[in-house]
Amino acid sequence: MTQSLETPTAASARLDLVKMRKIAFASVIGTTVEWYDLFVFATASALVFNKIFFPSFDPLVGTMLAFGTFASAYVARMIGAIIFGHFGDRVGRKSMLLVSLLTMGAATFAIGLLPDYNTIGVMAPLLLLLLRVIQGLALGGEWGGAVLMTVEHAPAHRRGFYGSLVQVGVPAGTLIANIVFLIAALTMSSDSLHAWGWRIPFLASALLVAVGIYIRLHIEETPSFQAVKSAGAKAKMPFASLMAKYWKQVVLGGVATLSTGSTFTLLVASGVAYGKKELGHSESLMLWVVLASCALCFVLIPFFGNLSDKYGRKPIIYAGVAAEALFAFPMFWLMDTKSVALLFVAYLVMMTAFAANYGPIATFLAELFGSKVRYSGLSVAYMLSGLLGSAATPFITTWLLGITHQSSSIAWYIMGAALVSLCALFVLTETRHGNIDAVDVSPAEAAAA
């Protein structure tokens, strides 16, 4: 009988692959939970929150206030990025991932228990705002840690692919959030949905959080952080060190990523409200459109992340941002026909452009910063992009429609955001071949180590 022998090198490679898959799965599960919690709020803002928490206002004003509460989390995300980034660079990536996930889950569950405006008056929207801010603080620390957990573990020639897997959490979380709302819309009346059905997606998040915590308890700290720790090179004040050395990368990275937030928020929040109120489509149809486009995005993000390992981060991101700008007007031309088939085409094409932009961006931002301040740099740059793009988009698009009653005003806004991102991206350098494990150690740090 012939016995197959595996060489030590092959065995090591196989074990590394198994370990890498486990780490990537843990990050994807965690970010899926976090983005589910975030976008279940966005969906509720577009569909029901204006009537539940802001019923005494004009419908347009109520929707803008609901989206304003949605946007408040993005300010909190920036603060959360600084706080969690500090401890992520000082204490480690893994512990911050656990804290952020627990915090997000608790806030989302509490939203599902909130009394409405008719029950406790103005305290209802104020409590909603408070819980939304807590969600933002948690997400500010979650995303950067999850990206670093995969990118800093990944082999150099596969960083783009593994970093893009974390990005899959965005369409996956949105997909689950919309499935839950779609089921609610199909199985209950509109009155029941507004009375109590909207609470189910928020309360159900507890199950996802439990799964995420269990998986993340069984992953290891990243090699990059361990190298910084071993060298005694941890920054005393990571945010201060970051802004002293990398402030240009923070600002340019945030602006370069701006269009991802504008485009995705348009598709999953503003576009839903536009399709329902301006075009007369049903809530369930708009949810189906979002589901289909997120399912496509789920596949395309890793595809474009993989391409960035072959051709570089910037060329793929360039293509995605340019496509977003070029398709801004055609998207609304198709939607304004009120054809259901063309509505799906509009969403699927724009989501493809978004996937090309979004797939490589996490790895690209991570590679811009040194390992001593990478958690802070990555988190702050990305949350800055959310503040500039995602937070502003629902409010601005609702306002533009209110004063112009023309979809072209939204198209101009999306095109402008894409062009601004292209300009910032042009200034930044390609990062694919950098050594992210190198530790910049000063003579004093080396002597202390």
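These values consider heavy atoms only, across backbone and side chains, with no hydrogens, waters or symmetry-generated copies.
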Peer 1: Would you call the rings of W198 and F202 parallel, tilted or perpendicular, where under 30° means parallel and over 60° means perpendicular?
Peer 2: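 Rings of W198 and F202: perpendicular, as their planes differ by over 60°.
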
Peer 1: Donor-acceptor pair, S230 side chain versus A227 backbone, under 3.5 Å?
Peer 2: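 No.
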
Peer 1: Y375: what forms a ring-ring contact (aromatic ring centres under 6.0 Å, His included) with it, not counting sequence neighbours?
Peer 2: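 So Y375 forms no ring-ring contact (aromatic ring centres under 6.0 Å, His included) with any residue.
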
Peer 1: Quick one, V268 and F264 - any side-chain contact, counting heavy atoms below 4.5 Å?
Peer 2: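 A side-chain contact exists here, since the closest heavy-atom pair is under 4.5 Å.
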
Peer 1: My understanding is that only residues two or more places apart in sequence, or in another chain, count here; which of them pass side chain to side chain contact (heavy atoms under 4.5 Å, CB included) with A110?
Peer 2: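 By the side chain to side chain contact (heavy atoms under 4.5 Å, CB included) rule, A110 matches L131.
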
Peer 1: Check R432 with E367, please: is the shortest side-chain N to carboxylate O separation under 4.0 Å?
Peer 2: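 Between R432 and E367 there is no salt bridge, as every charged N stays at least 4.0 Å from the carboxylate O atoms.
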
Peer 1: For the backbone of V147 and the side chain of T150, can you confirm whether one donor and one acceptor N or O come within less than 3.5 Å of each other?
Peer 2: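 Yes; judged by distance alone, with no hydrogens or angles, the pair exists.
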
Peer 1: Crowded around F298 CZ? As in, over 12 foreign heavy atoms under 6.0 Å?
Peer 2: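 Counting other residues, nucleotides and ligands, CZ of F298 stays at 12 neighbours or fewer.
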
Peer 1: Which atom names give the shortest non-hydrogen contact between L217 and K94, and what distance separates them?
Peer 2: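 Heavy atoms of L217 and K94 come nearest at O-NZ, 3.2 Å.
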
Peer 1: List the residues meeting side-chain hydrogen bond (donor to acceptor under 3.5 Å, both in side chains) with T397, not counting sequence neighbours, and say none if there are none.
Peer 2: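 Only S270 meet the side-chain hydrogen bond (donor to acceptor under 3.5 Å, both in side chains) criterion with T397.
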
Peer 1: Can T31 and E142 be counted as having a side-chain donor-acceptor contact under 3.5 angstrom?
Peer 2: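 No, no side-chain donor-acceptor contact under 3.5 Å.
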
Peer 1: Is there a donor-acceptor pair under 3.5 Å between the side chain of K234 and the backbone N or O of R90?
Peer 2: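 Checked: pair present.
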
Peer 1: Test side chain to side chain contact (heavy atoms under 4.5 Å, CB included) on I403 and W399 and set out the steps.
Peer 2: CA-CA 6 Å; I403 62 173; W399 175 73; 3.6 Å; yes

Peer 1: With no hydrogens and no angle check, do the side chains of R313 and S308 hold a donor and an acceptor under 3.5 Å apart?
Peer 2: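 Per modelled atom types, R313 and S308 side chains form a pair under 3.5 Å.
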
Peer 1: For the pair K372 (side chain) and L242 (backbone), establish whether a donor and an acceptor sit closer than 3.5 Å, ignoring hydrogens and angles.
Peer 2: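 No, the answer is negative, given that no donor and acceptor are paired below the 3.5 Å cut-off.
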
Peer 1: Evaluate V180 against Y36 for side chain to side chain contact (heavy atoms under 4.5 Å, CB included), listing each step before the verdict.
Peer 2: CA-CA 10 Å; V180 175; Y36 167 86; 4.1 Å; yes

Peer 1: List in chain and number order the residues that pass ring-ring contact (aromatic ring centres under 6.0 Å, His included) with Y318, two or more places apart in sequence or in another chain; answer none if no residue qualifies.
Peer 2: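 Scan of Y318 (ring-ring contact (aromatic ring centres under 6.0 Å, His included), adjacent residues dropped) gives none.
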
Peer 1: Does any N or O in the side chain of T265 come within less than 3.5 Å of the main-chain N or O of S262, such that one atom is a donor and the other an acceptor?
Peer 2: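 Checked: no pair found.
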
Peer 1: Going from SG on C297 to CG on L175, what distance comes out if it is rounded to the nearest 0.5 angstrom?
Peer 2: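 Taking SG in C297 and CG in L175, the distance rounds to 10.0 Å.
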
Peer 1: Can you tell if the side chain of T103 reaches within under 4.5 Å of the side chain of L137, non-hydrogen atoms only?
Peer 2: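 No, every pair of side-chain atoms sits at 4.5 Å or beyond.
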
Peer 1: To the nearest 0.5 angstrom, please state how far the OG atom of S371 sits from the CD atom of Q226.
Peer 2: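 Going from OG on S371 over to CD on Q226, the span is 12.0 Å.
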
Peer 1: So, taking the atom named CD1 in I120 and the one named CG in L127, what distance separates them when rounded to the nearest 0.5 Å?
Peer 2: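 Result: 5.0 Å between the selected atoms.
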
Peer 1: Taking all non-hydrogen atoms of both residues into account, name the closest pair between A325 and M415 and its distance.
Peer 2: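 So the minimum-distance heavy-atom pair works out to O-CE, 3.3 Å.
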
Peer 1: Between M331 and A346, what is the shortest heavy-atom contact and its length?
Peer 2: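 Heavy atoms only, the tightest pair is O-CB, 3.6 Å.
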
Peer 1: Please check: side-chain N/O of T363 versus main-chain N/O of R159, any donor-acceptor pairing under 3.5 Å?
Peer 2: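 Yes; at least one donor-acceptor contact below 3.5 Å.
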
Peer 1: Should R374 and E152 count as an ion pair when the cut-off is N to O under 4.0 Å?
Peer 2: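 Salt bridge present between R374 and E152.
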
Peer 1: Among all residues two or more places apart in sequence or in another chain, which pass the ring-ring contact (aromatic ring centres under 6.0 Å, His included) test with F369?
Peer 2: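 ring-ring contact (aromatic ring centres under 6.0 Å, His included) list for F369, sorted by chain: Y246.
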
Peer 1: Write down the atom of L428, the atom of A256, and the distance for their closest heavy-atom approach.
Peer 2: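 It is CD1-CB, 4.2 Å.
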
Peer 1: Tell me whether R77 contacts the main-chain N or O of G140 through its side chain, where contact means a donor paired with an acceptor under 3.5 Å.
Peer 2: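 No, because the side chain of R77 does not come within donor-acceptor range (under 3.5 Å) of the backbone of G140.
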
Peer 1: Rounded at 0.5 Å granularity, tell me how far SG in C423 sits from CG in L258.
Peer 2: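 Here the interatomic distance stands at 11.5 Å.
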
Peer 1: Would a distance-only check, ignoring hydrogens and angles, find a side-chain to backbone donor-acceptor pair under 3.5 Å from T260 to T257?
Peer 2: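 Between the backbone of T257 and the side chain of T260 there is a qualifying donor-acceptor contact (under 3.5 Å).
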
Peer 1: For the pair K19 (side chain) and E220 (backbone), establish whether a donor and an acceptor sit closer than 3.5 Å, ignoring hydrogens and angles.
Peer 2: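 Answer holds: no.
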
Peer 1: Only one of T108, V33, V40 forms a side-chain contact (heavy atoms from CB on, under 4.5 Å) with S205, so which one is it?
Peer 2: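 Testing each of T108, V33, V40 against S205, the sole residue satisfying side-chain contact (heavy atoms from CB on, under 4.5 Å) is T108.
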
Peer 1: Evaluate the criterion side chain to side chain contact (heavy atoms under 4.5 Å, CB included) for residue pair Y274 and S407; output intermediate values, then yes/no.
Peer 2: CA-CA 9 Å; Y274 178 76; S407 61; 3.2 Å; yes

Peer 1: Just jot down the ring-ring contact (aromatic ring centres under 6.0 Å, His included) partners of F329, sequence neighbours excluded, or say none.
Peer 2: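 F329 satisfies ring-ring contact (aromatic ring centres under 6.0 Å, His included) with W412 only.
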
Peer 1: Any side-chain heavy atom of L126 sitting closer than 4.5 Å to one from M123?
Peer 2: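 Sidechains of M123 and L126: in contact.
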
Peer 1: Over all heavy atoms of both residues, which pair between M20 and Y162 is shortest? Give the atoms and the distance, please.
Peer 2: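 Taking M20 first and Y162 second, the nearest heavy atoms are CG-CZ, 3.4 Å.
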
Peer 1: For a 4.5 angstrom cut-off between non-hydrogen side-chain atoms, does L266 reach I414?
Peer 2: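 When only atoms from C-beta onward are counted, I414 and L266 do touch, with a gap below 4.5 Å.
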
Peer 1: Going by heavy atoms in the side chains, are M243 and F239 under 4.5 Å from each other?
Peer 2: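 In short, these two side chains touch, coming nearer than 4.5 Å.
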
Peer 1: Is there a side-chain contact between P315 and E430, using heavy atoms and a 4.5 Å cut-off?
Peer 2: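 Side chain of P315 against side chain of E430, heavy atoms only: contact under 4.5 Å found.
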
Peer 1: CG/L102 to CD1/I213 distance, rounded to the nearest 0.5 angstrom?
Peer 2: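 Separation between the atoms: 3.5 Å.
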
Peer 1: Verify whether one side chain among N357 and S259 offers a donor that lies under 3.5 Å from an acceptor in the other.
Peer 2: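 On atom types as modelled, these side chains qualify, holding a pair under 3.5 Å.
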
Peer 1: Of all the heavy-atom pairs spanning V321 and S421, show the shortest one and how long it is.
Peer 2: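 Heavy atoms of V321 and S421 come nearest at CG1-CB, 4.2 Å.
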
Peer 1: Examine distances only and state if a side-chain atom of S376 and a backbone atom of G85 form a donor-acceptor pair shorter than 3.5 Å.
Peer 2: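 Yes: the side chain of S376 pairs with the backbone of G85.
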
Peer 1: When rounded to the nearest 0.5 angstrom, what is the spacing between NE2 in H433 and NE2 in H157?
Peer 2: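 So the NE2 of H433 and the NE2 of H157 are separated by 13.0 Å.
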
Peer 1: Any non-hydrogen side-chain atom of I301 less than 4.5 Å from a side-chain atom of P171?
Peer 2: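 Yes, side chains in contact.
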
Peer 1: Answer yes or no: is there a side-chain heavy-atom contact under 4.5 Å between L113 and L203?
Peer 2: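 SC-SC contact between L113 and L203 confirmed.
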
Peer 1: I want to check a possible cation-pi pair here: R158 against F161, using under 6.0 Å from ring centre and within 45° of the ring axis as the test.
Peer 2: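 Pair R158/F161 counts as cation-pi.
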
Peer 1: Using the rule given for side chain to side chain contact (heavy atoms under 4.5 Å, CB included), can you reason through F84 versus V99, listing the C-alpha separation, both sets of side-chain angles and the distance that settles it, and then say yes or no?
Peer 2: CA-CA 9 Å; F84 280 91; V99 172; 3.9 Å; yes

Peer 1: Pairing donors with acceptors under 3.5 angstrom, does anything connect the side chains of Y413 and T393?
Peer 2: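 The answer is yes; a qualifying pair exists.
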
